[in-house]
Amino acid sequence: MFGRVLIANRGEIALRIIRACRELGIEPVCVYSEADRDGPWLRHAEQAVCIGPGPAPESYLRIDRIISAAEVANVDAIHPGYGFLAENAHFAEVCRDCEIEFIGPSPEAMARLGDKIAGRRLAKSVGLPTFPGSEEAIDDPEEAVSLASEIGYPVIVKAAAGGGGRGMRIARNEEALRAGLESARQEAAAAFGNGAVYVEKFLERARHLEIQVLGDKHGNAVHLYERDCTSQRRHQKLIEEAPAPGIDPEKRDRVAHAAADLLRAANYSGAATVEFLMDANHDFHMLEVNTRVQVEHPVTELVTGVDIVKEMIRVSAGEPLSITQADVRLSGHAIECRINAEDPDRNFMPQAGLIEHLAAPGGPGIRIDSHARAGYRIPPNYDSMIGKLIAHGPDRTTAIARLRQALREFEIGPIRTTIPLHLRLLETAAFVNADFDIHYVERYLAGE
Ligand code: ADP
């Protein structure tokens, strides 16, 4: 096992990885930017190395500085967390060249699945259901137009290297498709340095489901069932749960097994998530594969008892997965709310600044993954998520009740957070009855 691991991330996920390292007897080392000098998680690291100014391109995205810090701290491995460099195959390659383990897939496996076009193709070959759409990147507008008339409007133009909902354009007719193709290509080239786009069928009403999978370096792969992340705003997940309420377990089992097959086919080690949209017939259509730990991994941990971050570290060190598929059993129901420092009453305006007081909830089945505490000043440079509140219970009704009570107990001020919004969303009939689709939060916010 590794002696020291460097965490190339910040905030709640840095703290989550610190906790996993400590359980495994590993010394965690953090890098931080000048804006994170007072980051509360840094206190729990064995060593912390400053890697530059607040803006991420000058610190958390600087491969050279992170590798230097890794050399100075003499670590065996680097955990990238999510965001920043987590899905950067070049970074994984540099780690390998420097003989530092990248805690995640090999650069080859990452490229095989992380590129949406390549990932779709491989997924199709192992029997995962994909959307009708283009098999290759589309350059020629005429080709896109003829494909769209074949599969039928609406269609969506998406970037092969896309992420965070960027580089996507919905087209309901030919004119919109021609325009969308060009603007998606430009946006993708600017945002990801790769302007390749493809076209697929657009589903008007869908739920977002995803399968958590884990693989090791010995050819083993397991799935940890699904999460439902239908509660989104502007493609950003707000509430996630496991298992997904009211779905067809046979269809789910089929895609979950195929998702594990996909890891084996890609020779993939580490954690991955295969994302799907589910239509009204409860059929799955694959969106993409995320080749990293997800923000919402705790709900899966609570219903399966598998520590995903520890498994990632173990398999990266060459150990086999500690579980087989037969060991994976679902127990109860878990729901997570993302606590963002945003004012839901003012168009989700980000709330940088001092947290003067904070009282965290507790009680049966409550888990909080957060670096936030009283006296912490939220820097303006990064994502607004300051933590996750997760409730686990024997069934969905109990999990909702526990989550509501925990949200009521959770006091953070004077900055505004998404807590009041979560309380309201958890009371909507759409959420309570799981009679929802990925646009229900937006409709609710619009007063519809
Ligand atoms: P990203 O990597 O940018 O998150 P995804 O492929 O995961 O891109 O898509 C993000 C979101 O965009 C999905 O959760 C869904 O809300 C919407 N979306 C993407 N593809 C489709 C589609 N074919 N039909 C309907 N909605 C889609």
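In each ligand, atom 1 is the first atom listed, and ligand 1 is the first ligand listed.
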Legend entry - Of Val75, Ile78, Ile103, Ile18, the residue whose pairing with Val5 passes side-chain contact (heavy atoms from CB on, under 4.5 Å): Ile103
Legend entry - Distance-only N or O hit between ligand 1 and Phe202, under 3.5 Å: no
Inset, instruction - Could you name the option among Met168, Glu87, His439 that has the heavy atom nearest to atom 12 (O) of ligand 1? - result: Met168
Legend entry - Partner of His297 under side chain to side chain donor-acceptor pair (under 3.5 Å), chosen from Glu336, Arg227, Arg16: Arg16
Inset, instruction - Answer with side chain, backbone, both or neither: which part of Glu204 has a heavy atom less than 4.0 angstrom from an atom of ligand 1? - result: neither
Inset, instruction - Heavy-atom distances under 4.0 Å are what count here, so tell me which part of His285 touches ligand 1: side chain, backbone, both or neither. - result: neither
Legend entry - Subset of ligand 1 atoms that lie under 4.0 Å from at least one heavy atom of Lys201: 22 (C), 23 (N), 24 (N)
Legend entry - Parallel, tilted or perpendicular: rings of Phe84 and Tyr60 (30°, 60°): parallel
Inset, instruction - Classify the angle between the aromatic ring planes of Phe131 and His285 as parallel (below 30°), tilted (30 to 60°) or perpendicular (above 60°). - result: parallel
Legend entry - Nearest-neighbour protein heavy atom for atom 17 (C) of ligand 1, which is reported as residue plus atom name and distance: His235 CE1, 3.6 Å
Inset, instruction - Determine, using heavy atoms of Ala206 and all atoms of ligand 1, whether some pair is separated by less than 4.0 Å. - result: no
Inset, instruction - Verify side-chain hydrogen bond (donor to acceptor under 3.5 Å, both in side chains) between Arg292 and Gln294, making sure each step is shown before the conclusion. - result: CA-CA 6 Å; Arg292 53 170 163 82; Gln294 303 265 111; 3.0 Å; yes
